[in-house]
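Notes for the one structure printed next.
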Amino acid sequence: MATAQITVSHPLATPNGSHPSATESPTISLLGPNATAASVKLDVSAPFSAIRTLFDHLYSHPDDATELNAIYPRRGILKTAATIKTSSDQKFTIDLSPKRVALIPASLQESLARHGLKDILDFFNTLTTEYVPSILSTLSIIAGADLTPAHSTYNMSFRLCDYNPVTAAPGSLNGCGAHTDYGTFTIIFQDGTPGLELEDANAPGSWVPVPGDATVILTGWCAVILSGGRITAARHRVRRTPGVRRLSAVVFIAPDLDVKLKPLGGIQPTRPFSETVMRGDIDTEVFKEVMGKRWRYREGNEEMEGHEVGTQDDAIAKLIWA
Ligand SMILES: O=C(O)CCC(=O)C(=O)O
Ligand SMILES: [Fe+2]
């Protein structure tokens with residue numbers, strides 16, 4: 001296995017949004033004055049032409065899309081709510097994981113392999129074997145406790161996003177509504193098209209654009225909890241430019257499903273967590289279910305009762321903080 005050298009200089013020593021030059025040593029530069037978001041230089045790039053090919057193939061071959069969706073009948077793999085819903089995120093996604101890939105029938109695997117899937121899966125495999133362990137080690141330094149034992153099963157998912165101009169609301173600027181990812185960390189590859197924005201932690205409601213060619217690591221709620229608040233998580237969103245297509249490839253890494261989400265042993269929390277969290281009542285699986293409902297509502301894939309509508313971050317904040 002290749003070992004990626006990922007080092008982080010002291011967060012405050014790295015100016016906002018600065019990019020390390022080839023000769024400089026940090027290969028990660030933090031996008032803000034804390035550990036919520038970093039722009040990274042990785043020796044792997046996402047195969048965007050294969051990603052475009054796979055989306056276009058599935059749009060023009062509905063039988064293949066139907067067969068692919070059948071491996072996960074509950075919600076499907078290719079999500080296209082934006083073709084009919086104007087208020088949801090105006091994007092299409094392909095949501096995969098190692099478990100789901102294994103369920104794709106061999107004949108469909110072969111056909112999709114030729115239409116981009118092979119290159120895409122090779123990319124995700126390289127990325128996870130070469131980079132995930134070193135990113136976890138780096139985050140462990142910031143957390144002050146070893147995060148790796150809570151990630152022994154590689155609970156991860158792969159998402160391809162197509163912010164396609166042809167949706168129910170072609171003029172809408174809403175590509176992906178404001179949210180904080182639920183897991184430990186997320187790696188986002190972009191096709192060069194801007195749109196991703198981070199909320200300024202010191203000025204909520206104020207959004208900072210990320211350069212369209214940056215590869216970004218964002219931390220999520222599980223990292224916040226396990227690190228006792230030492231790691232904070234960046235809210236982010238994607239704005240569309242009407243008429244412009246944008247593709248992204250995203251890996252979500254979460255703790256193992258049975259990990260109790262509470263500050264890891266030995267960590268003194270930076271602010272008090274709820275009793276529910278401190279008792280260890282919530283494991284990753286339950287947390288994902290709680291958070292997933294609002295997530296799917298925003299993305300147009302699940303309906304909600306009127307009184308339940310609120311931002312997913314408000315609901316999580318209420319659950320985890322004292
Ligand atoms: O497409 C992007 O750049 C980000 C997508 C995202 O934040 C997500 O799917 O959670
Ligand atoms: Fe996200």
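Ligands are counted one by one from 1 in listed order, and the atoms in each one are counted from 1 as well. Along the sequence shown, residues carry numbers from 1.
Salt-bridge formation is not detected for the pair R52/D119: no Lys NZ or Arg NE/NH1/NH2 atom is positioned less than 4.0 Å from an Asp or Glu carboxylate oxygen. In this structure, E299 pairs ionically with K91, as a charged nitrogen and a carboxylate oxygen lie closer than 4.0 Å. For R240 and E197, the salt-bridge test fails: no basic side-chain N is under 4.0 Å from an acidic carboxylate O. Look at R246 and D191 and you find no salt bridge, because none of the NZ, NE, NH1 or NH2 atoms lies under 4.0 Å from a carboxylate O. A salt bridge does not link K260 with D283: every distance from a Lys NZ or Arg NE/NH1/NH2 to an Asp or Glu carboxylate oxygen is 4.0 Å or more.
Summary of contacts: the protein heavy atom closest to atom 4 (C) of ligand 1 is V238 CG2, 3.7 Å.
Ring centers of F189 and F48: at least 6.0 Å apart, outside the cut-off.
When distances to the Fe ion (ligand 2) are checked against a cut-off of 2.8 Å, C176 contributes no N, O or S atom below that limit.
The minimum distance between the Fe ion (ligand 2) and any N, O or S atom of H179 involves atom NE2. Atom OD1 is the N/O/S atom of D181 found closest to the Fe ion (ligand 2).
Under a 4.0 Å criterion applied to the non-hydrogen atoms of R246, ligand 1 contributes the atoms 1 (O), 2 (C), 3 (O). Heavy-atom proximity to H236, at under 4.0 Å, picks out these atoms of ligand 1: 7 (O). The ligand atoms of ligand 1 that sit less than 4.0 angstrom from a heavy atom of F252 are 8 (C), 9 (O), 10 (O).
In this structure, Q190 falls outside the shell of residues with a heavy atom less than 4.0 angstrom from ligand 1.
Between H57 and H115, the ring planes are parallel. Angles under 30° get that label, and only those over 60° would be called perpendicular.
Backbone and side-chain nitrogen or oxygen atoms of Y163 are examined, and one is located within less than 3.5 angstrom of a nitrogen or oxygen of ligand 1.
Here D181 has side-chain heavy atoms under 4.0 Å from ligand 1, and that is the only part of it that gets that close.
Heavy-atom proximity to atom 6 (C) of ligand 1, evaluated over R235, K91, H179, R159, is greatest for H179.
Listed for the T128 side chain is no donor-acceptor partner under 3.5 Å among the backbone atoms of V132.
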